[in-house]
Amino acid sequence: MKVLLMGHPNVGKSAVFNRLTGANVIESNYPGTTVDYTKGYMRIKGEDITVVDVPGTFSLEPKDKAEEVAVKMLEEEEEGTVVICVIDSSKIERGLYLALEIMERGYPVMLALNMWDVAEDKNIDIDVEKLRKIFGIPVIPTVAISGEGIGELVKKIKETRPVEVDKIIKKVGGIDGTNRR
Amino acid sequence: MELTVDKRWNLIERISKETVTFGRYRHTLKDAIGELTVKPLMGIPVAIAVLYGFWSVFCSFAGTLCTDGFLVKLFDARWLPWIQANFPGKGSWLYYILVGDPLADNCFEAFGVLTSGLFVPFGVVLPAVFIFYLMLTLLEDIGYMPRLAVLIDTVLHKIGLHGYAIVPTILSLGCNVPAVTATRILETKKQRFIMMTLLAIFIPCGAQLGIMQEVIPDTMGLVLLYLLIGYFIFGFVLNKAIPGRCPEILIDVPSYQMPTRRNVERKVWMRTSGFLKTAVPFVLLGCLVVNVLYLAGVISWLGDVFSPIFISWFGVPKATVGPLIAAFLRKDLAVAQLSAIEMTKYQMITSVVLVSIYFPCVATFVMMLKEGWRELLGSLGVLVAVVFLYGGLLHLIWTLMGVG
């Protein structure tokens, strides 16, 4: 089994990766530190799982070479690959954009709402339970830098599954209409 | 099913309406500091102060405290006389390769594998690399780098790059190898080519800086200034000469964060040990190769062959050919070797500049090759032109000043 960590630049993918695998990937507080992918391994119940720290990307339409690496990684994956979308909780809407793109392409996904502490500081309240219901996949608040929520993330990896986008649309009552900003 | 961009945003809007409530946002002190350091009026003085602070900590910690205060004494007063006296077979070729000059009174001049070969990486370069990475890591983890990128954006556009090019540039001051990979954050081929070429030619690495600080503390500033000016002149020329786009960027400036101790320790350790792993073997190998070439007479032969170029074009002694060979393996070693050659202050400046801008070290070379051989060949072409024009220009300047 293979797990890809994907998300925008500077949302803490490398921090999650280091927590999951015990490996050492450089983490910095600026976008673009990871420009090549890094592989690591973890063991869940006797099974070896490959974890890949994918360079940050804003969308699946790449604009620089690091993003090209990211999209290529996703597209080249074979069966049994799941994606953990790492999202900056304080900028959740942007993060969901990439997550939806990945879901639309049919990959099994789960969401890590990272930097949960930052969202709390900014008084952003996210109803995790409801998000879970809408997407039908695990949604886990995490603070990778301190390790919070990482155990939960690992536990739920097996519950990762593809999401049918039209079902989400139904659950939120359609997307036609004029509710754009 | 695939959504259109608009529909995707509509869907997100719906989801977020049901699950996210945005509370009142308080403007905190952290935000205020964050904004102040990114607006030019306050930001530029702060940036200058930060960089100056960086520089002075680097010099005083690496140079004054560690190397001069402790390691020079250890190597020159204890290790060197001991190994000179105790290594068997004085006068043999093995002695010459491993210990070097039996009469040398310091580890720069001895130039044996076990004397200079150990002193350069551990006595001089290690403290420099360590303190450089410690401070870089702090700046990174606090979140200062993107602010520097914003502030310097306008200037870097003049050479076809944008603010974010400051990241590979600063990384390169530590080691050119990771900097080459970091050029991937630039969007177009043109930008990556310009950046890679400039950093391979004009940016001295941490090891080189550390050794310069030790060998030519008085004139180091001039060397760096000359390299910096070259960075901009040739960047400007390359930008005009190479076709391609240089797009604007929109970057996310992250808020400041308190660096965590765990991450800082780990990162400094990874980077410093990475340096030791890649640099030490090359330094030792460099000493070995250069000594063998000396013994075999290859260096004096090369010196004779190239002496017209060295003496009349660059105005440096022909003995600098030795260091230039070492420079292909390790530039820090080459600078150390230069210090043992008899020459004037101005010739020394020219030689150090030549060592810096001439060929990238072998590790960087390999990294550049990985990014594409066409780009590498292009960079090398630019490099040859720069070495002759810019190196020769320095000789011209000295001649005009009457010191050449």
Side-chain angles (χ1 to χ4, degrees), chain A residues 8-10 15 18 24-33 35-36 55 59 63-69 90-94 96-97 100-101 104-105 118-119 121-131 134-135 145-146 164-166 168-169 171-181, chain B residues 1-3 5-26 28 30 137 139-147 149 164 167 178 181-189 191-192 247 251-257 259-260 262-263 266-267 269-271 371:
Chain A
H8 282 194
N10 208 40
N18 286 343
N24 287 322
V25 166
I26 296 216
E27 303 164 18
S28 303
N29 183 19
Y30 60 79
T33 311
V35 290
D36 205 348
S59 78
K63 70 167 202 340
D64 62 32
K65 212 176 168 190
E67 294 198 349
E68 269 171 39
V69 172
S90 69
K91 295 166 186 160
I92 183 169
E93 291 170 313
R94 290 198 211 172
L96 286 177
Y97 186 88
L100 275 175
E101 277 191 305
E104 285 164 27
R105 296 199 184 187
V118 178
D121 284 349
K122 291 191 174 167
N123 272 324
I124 299 169
D125 186 42
I126 302 170
D127 187 341
V128 178
E129 212 31 66
K130 207 158 192 184
L131 272 178
I134 291 174
F135 287 111
I145 203 125
S146 69
E164 283 171 50
V165 180
D166 41 354
I168 311 178
I169 297 175
K171 277 184 199 160
V172 294
I175 47 171
D176 303 314
T178 49
N179 51 6
R180 295 185 58 201
R181 271 169 216 196
Chain B
M1 79 182 264
E2 295 220 11
L3 299 172
V5 175
D6 281 350
K7 289 205 165 151
R8 206 175 285 136
W9 280 120
N10 274 353
L11 178 54
I12 291 167
E13 183 81 31
R14 284 288 169 94
I15 296 170
S16 133
K17 220 180 219 170
E18 294 203 18
T19 55
V20 188
T21 12
F22 294 91
R24 209 194 168 79
Y25 184 65
R26 287 155 305 163
T28 58
K30 202 162 83 174
T137 300
L139 285 188
E140 281 184 346
D141 283 15
I142 288 170
Y144 187 67
M145 301 290 273
R147 288 170 175 82
Y164 230 77
V167 173
T181 323
T183 58
R184 289 188 192 170
I185 57 172
L186 299 171
E187 288 81 1
T188 62
K189 268 199 167 147
Q191 289 178 310
R192 284 199 294 274
I251 62 169
D252 240 342
V253 179
S255 54
Y256 281 126
Q257 256 173 33
T260 62
R262 184 184 72 100
N263 198 44
R266 228 181 23 174
K267 227 152 94 172
W269 166 247
M270 275 160 61
R271 285 170 160 171
E371 296 294 306

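Chain naming here is simple, since letters A, B, ... match the order of the sequence lines and numbering starts at 1 in each. These numbers were taken from a predicted model, which means no experiment stands behind them.
Between chain A and the residues B:L11, B:V253, B:V5, the most heavy-atom pairs under 4.5 angstrom are made by B:L11. Interface summary for chain A: among B:V20, B:I12, B:I185, the most heavy-atom pairs under 4.5 angstrom belong to B:I12. Heavy-atom pairs under 4.5 Å with chain B peak, among A:A15, A:P9, A:P31, at A:P31. Note on A:N18, A:N10, A:V69: by heavy-atom pairs under 4.5 Å with chain B, the leading option is A:N18. Between chain B and the options A:I134, A:I168, A:L131, heavy-atom pairs under 4.5 Å are most frequent for A:L131. Your options are A:E164, A:E68, A:K91, A:K63, and the one with the most heavy-atom pairs under 4.5 Å with chain B is A:K63. Among the candidates B:Q191, B:R262, B:K189, the residue making the largest number of heavy-atom pairs closer than 4.5 Å to chain A is B:R262.
Within the 4.5 angstrom heavy-atom criterion, no atom of B:T28 approaches chain A. Of the atoms belonging to B:D252, heavy atoms from both backbone and side chain fall under 4.5 Å from chain A. In this structure, no portion of B:I251 lies under 4.5 Å from any heavy atom of chain A. Contacts between A:L96 and chain B at a heavy-atom distance below 4.5 Å involve backbone atoms as well as side-chain atoms. Heavy atoms of B:K267 lying under 4.5 Å from chain A belong exclusively to its side chain. Using a 4.5 Å cut-off between heavy atoms, A:I92 touches chain B through its side chain atoms alone. Interface remark: B:L186 contributes backbone atoms only to the contact with chain A (heavy atom separation under 4.5 Å). Heavy atoms of A:D36 lying under 4.5 Å from chain B belong to its backbone as well as its side chain. In this structure, the portion of B:Y164 lying under 4.5 Å from any heavy atom of chain A is its side chain and not its backbone. Heavy atoms of A:V25 lying under 4.5 Å from chain B belong exclusively to its backbone.
Taking every heavy atom of both residues into account, A:N29 and B:I142 meet most closely at ND2-O, 3.1 Å. The minimum heavy-atom distance between A:S28 and B:E140, with the atom names listed, is OG-OE1, 3.0 Å. Between B:V167 and A:Y30 the shortest heavy-atom distance is CG1-OH, 3.6 Å. Contact between B:R8 and A:Y97 at its shortest, heavy atoms only, is NH1-OH, 2.9 Å. Here the shortest heavy-atom pairing between A:K171 and B:E18 reads O-OE2, 4.3 Å.
Side-chain contact between A:I169 and B:L3: present, with at least one pair of heavy atoms (C-beta onward) separated by less than 4.5 Å.
Of the possible polar contacts, none joining the A:N123 side chain to the B:Y25 backbone as a donor-acceptor pair under 3.5 Å is found.
The distance from the CE atom of B:M145 to the OG1 atom of A:T33 is 9.0 Å, given to the nearest 0.5 Å. Distance NZ/A:K122 to CZ/B:F22: 10.5 Å, rounded to 0.5 Å. One distance of note links CZ of A:R105 with CD of B:E2; it measures 6.0 Å at 0.5 Å rounding.
With sequence neighbours excluded, the residues that form a side chain to side chain contact (heavy atoms under 4.5 Å, CB included) with A:D127 are A:E129, A:K130, B:T19. The side chain to side chain contact (heavy atoms under 4.5 Å, CB included) test applied to A:I145 returns A:E27, A:V143, B:T260, not counting sequence neighbours.
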Inset, instruction - For the pair B:R271 and A:I26, evaluate side-chain contact (heavy atoms from CB on, under 4.5 Å) and give the outcome as yes or no after the intermediate values. - result: CA-CA 9 Å; B:R271 285 170 160 171; A:I26 296 216; 3.3 Å; yes
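A salt bridge does not link B:R192 with A:D64: none of the charged nitrogens is closer than 4.0 Å to a carboxylate oxygen.
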